[in-house]
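Accompanying notes for the structure given below.
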Amino acid sequence: MTLSAPEYVASEPTEKVVVSAATKDQAENLSKEIAQMYVAALGQGGIGREGCEAYPDSDLFSEEGVRSTLQAEERLIAVARYNEQVCGAMVADKLSPYHVEFNSMAVRLDKRGLGIGSAIVSGLKDMMDATELTINTTELVTHSLASQAAHFQAGYRSIVGFAYCHYPRVFFANHPESVLWVTKFQGKLVSAVKQIRSALGRKLGAISSDLVHTVLAAQAQGRLNQRLSEQQLQLAAELLLERTAYVPLAYSSIVQSILFQFEEILDRSVVSNVGSSVGSSVDDVACETSETADLVVEEKDGFGHSYIIYKPGFSFNDDQKAAIDKALVSLQKLEKRYILVRIPANQPEAIALADYLRQEKGFVFHSYLPLYGYHQEQEPKREELYDVLTLQWIAPAILAGNALPGETDSVVKIYGYPENLSGSIIRLIASELNKNERKNGHHDDD
């Protein structure tokens, strides 16, 4: 995936805003301007006000840090100029050859209200649309209705999750920030995939090679407008495959609502009861992992949050219960206030693991992320995508001091709440938290 594109000139009322990708060749001349803009937007060192924590992207606030970022070419920085001055920027982080996340959008304080944020989002969107395929899953800070509205207007409106008090205390001295998760499928291949789905319908197969042959036959018969290369066919098959989403019964309805947003592309069955069939089988992704390598713990040293990431093909038995228990104890000893667990969702054992976290460890729903996972097979060489179910744990002290959106003392504001899908997700999280509170209260009484 090449993260570059021609300049984007915003339409009225921000016709003077020009958004372009900062290049490695511009590192020496542009780094200082970008760093100065981030300081002007978010404060020296990323600290916006007294008592707040630093913005968690320290490299953006120094000339040296920005220069190193541009020279490494692992992140794209989209820069907005207004009357020739660098007045805003946003980063696209490359998570895999086909996955990006937008973050670190900022506009100088003295240039806000000019539509610059909307121009940045639209410009970076155009850059992603120019790639072959980009699966964009991005966190939107919930205190800024303007930021949310800018993303929604640019098409980033398919809500897939809500992280409760996940972000550091960057914008509120006494409150961690919550974030809304959205996903958008982008790139030149997306229109071709939608046309295949429209022409051939659903249930095209659960095996990639079979689906490729189906598309090839349709091309030969003249049923499709576009002929795809071998690589494009493999990618298209990953998007079009029939897959099963294995989720707890309590999540079945919300996951179906999330997936409905992507029905032009995806083909999913949601299953919540696999009975005795739970084993080490994998529905869509076949790879070998040892029992000791089923999960990875990312402590995120220096931050209040951590991640536990399960690999596709994971097993869940007594040994794995001991492994997750050990990981959780280790993170809680580090006084982490937030723990996120990512579970490959296209295999039956996802249900047992998610239920264990919910029922025994106090986790609640976070998100369902379609095709968020990426795995590369070496023999035979093949790139595979898979869905991810995520659950979150929030420390009791944080829950006690931070109200969910919709409550009178909440600092969290969500664009469209409670009418859009964010309202349904938050109500689900609230019901799980209330159930946990009743359960813990009952145990205390015992």
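What you see below is based on every heavy atom in this structure, not just the backbone, and it leaves out hydrogens, waters and symmetry mates.
Here the closest heavy-atom approach between residue Ala237 and residue Ser208 is recorded as CB-OG, 3.6 Å. Listed here is the closest heavy atom pair of Ala106 and Ile120: O-CD1, 4.1 Å.
Without hydrogens or angle criteria, Glu101 side chain to Leu95 main chain gives no donor-acceptor distance under 3.5 Å.
The aromatic rings of Phe262 and Phe185 sit perpendicular to each other, their planes meeting at more than 60°, with 30° as the lower class boundary. Using the six-membered ring where Trp is involved, His366 and Trp181 have ring planes that are perpendicular, over 60° apart on the 30 and 60° scheme. Between Tyr55 and Tyr167, the ring planes are perpendicular. Angles over 60° get that label, and only those under 30° would be called parallel.
In this structure, a donor-acceptor pair under 3.5 Å is present between the side chains of Thr183 and Thr137. Under 3.5 Å, the side chains of Gln256 and Ser252 contain a donor-acceptor pair of N or O atoms. In this model, no donor atom of one side chain and acceptor atom of the other lie less than 3.5 Å apart for Asn136 and Thr134. No side-chain N or O of Glu238 forms a donor-acceptor pair with one of Tyr374 less than 3.5 Å apart. Side-chain contact annotation: Tyr246 with Gln347, donor-acceptor N/O pair under 3.5 Å absent.
Within a 6.0 Å radius of CG in Asp301, no more than 12 heavy atoms belonging to other residues, nucleotides or ligands are found. The environment of CD in Gln153 is sparse: at most 12 heavy-atom neighbours from other residues, nucleotides or ligands sit within 6.0 Å. The neighbour count for Gln376 CD, taken as heavy atoms of other residues, nucleotides or ligands under 6.0 Å away, is above 12. Crowding of Glu335 atom CD: a count of heavy atoms from other residues, nucleotides or ligands under 6.0 Å not exceeding 12. Atom NZ of Lys435 has 12 or fewer neighbouring heavy atoms from other residues, nucleotides or ligands inside a 6.0 Å radius.
Applying the ring-ring contact (aromatic ring centres under 6.0 Å, His included) rule to Tyr415 yields the partners Phe152; only residues at least two apart in sequence or on another chain are considered. Glu53 meets the salt bridge (charged side-chain N to carboxylate O under 4.0 Å, His left out) test with Arg169; sequence neighbours excluded.
At a threshold of 4.5 Å between non-hydrogen side-chain atoms, the residues Ile135 and Leu385 count as touching. Using a 4.5 Å heavy-atom cutoff, the side chains of Val247 and Ser272 are in contact.
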**Prompt:** Are Asp267 and Arg197 close enough, and set up right, to give a side chain to side chain contact (heavy atoms under 4.5 Å, CB included), and what steps lead you there?
**Reply:** CA-CA 9 Å; Asp267 189 354; Arg197 178 68 75 203; 3.5 Å; yes
**Request:** Show your working on side chain to side chain contact (heavy atoms under 4.5 Å, CB included) between Phe314 and Ile343 and close with a plain yes or no.
**Result:** CA-CA 9 Å; Phe314 75 93; Ile343 306 170; 3.8 Å; yes
**Message:** Set out, in order, the CA-CA distance, both residues' side-chain angles and the distance that settles side chain to side chain contact (heavy atoms under 4.5 Å, CB included) for Tyr164 and Leu399, then state yes or no.
**Reply:** CA-CA 9 Å; Tyr164 187 15; Leu399 290 173; 3.5 Å; yes
**Request:** Determine, step by step, whether Tyr251 and Arg358 satisfy the side chain to side chain contact (heavy atoms under 4.5 Å, CB included) criterion, reporting the C-alpha distance in whole Å, the side-chain angles of both residues, the deciding distance to 0.1 Å, and the verdict.
**Result:** CA-CA 11 Å; Tyr251 297 164; Arg358 295 175 58 244; 3.2 Å; yes
**Prompt:** Stepwise, does the salt bridge (Lys or Arg N to Asp or Glu O under 4.0 Å) test hold for Lys125 with Asp129?
**Reply:** CA-CA 6 Å; Lys125 170 186 174 293; Asp129 286 342; 2.8 Å; yes
**Message:** For Arg75 and Asp57: C-alpha separation, side-chain torsions, deciding distance, then whether salt bridge (Lys or Arg N to Asp or Glu O under 4.0 Å) applies.
**Reply:** CA-CA 12 Å; Arg75 314 176 77 192; Asp57 210 340; 2.8 Å; yes
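Between atom CD1 of residue Ile429 and atom CD1 of residue Ile394 there is a gap of 7.0 Å, rounded to the nearest 0.5 Å. To the nearest 0.5 Å, the span separating CD1 on Ile258 from CG on Leu369 amounts to 8.0 Å.
Sorted by first and then second residue, the side-chain hydrogen bond (donor to acceptor under 3.5 Å, both in side chains) pairs with a member in residues 211-221 form an empty list; sequence neighbours excluded.
Judged by the 6.0 Å distance and 45° axis criteria, Arg342 is positioned over the aromatic ring of Tyr307.
Ring centroids of Tyr356 and Phe316 are separated by less than 6.0 Å, placing the two rings close together.
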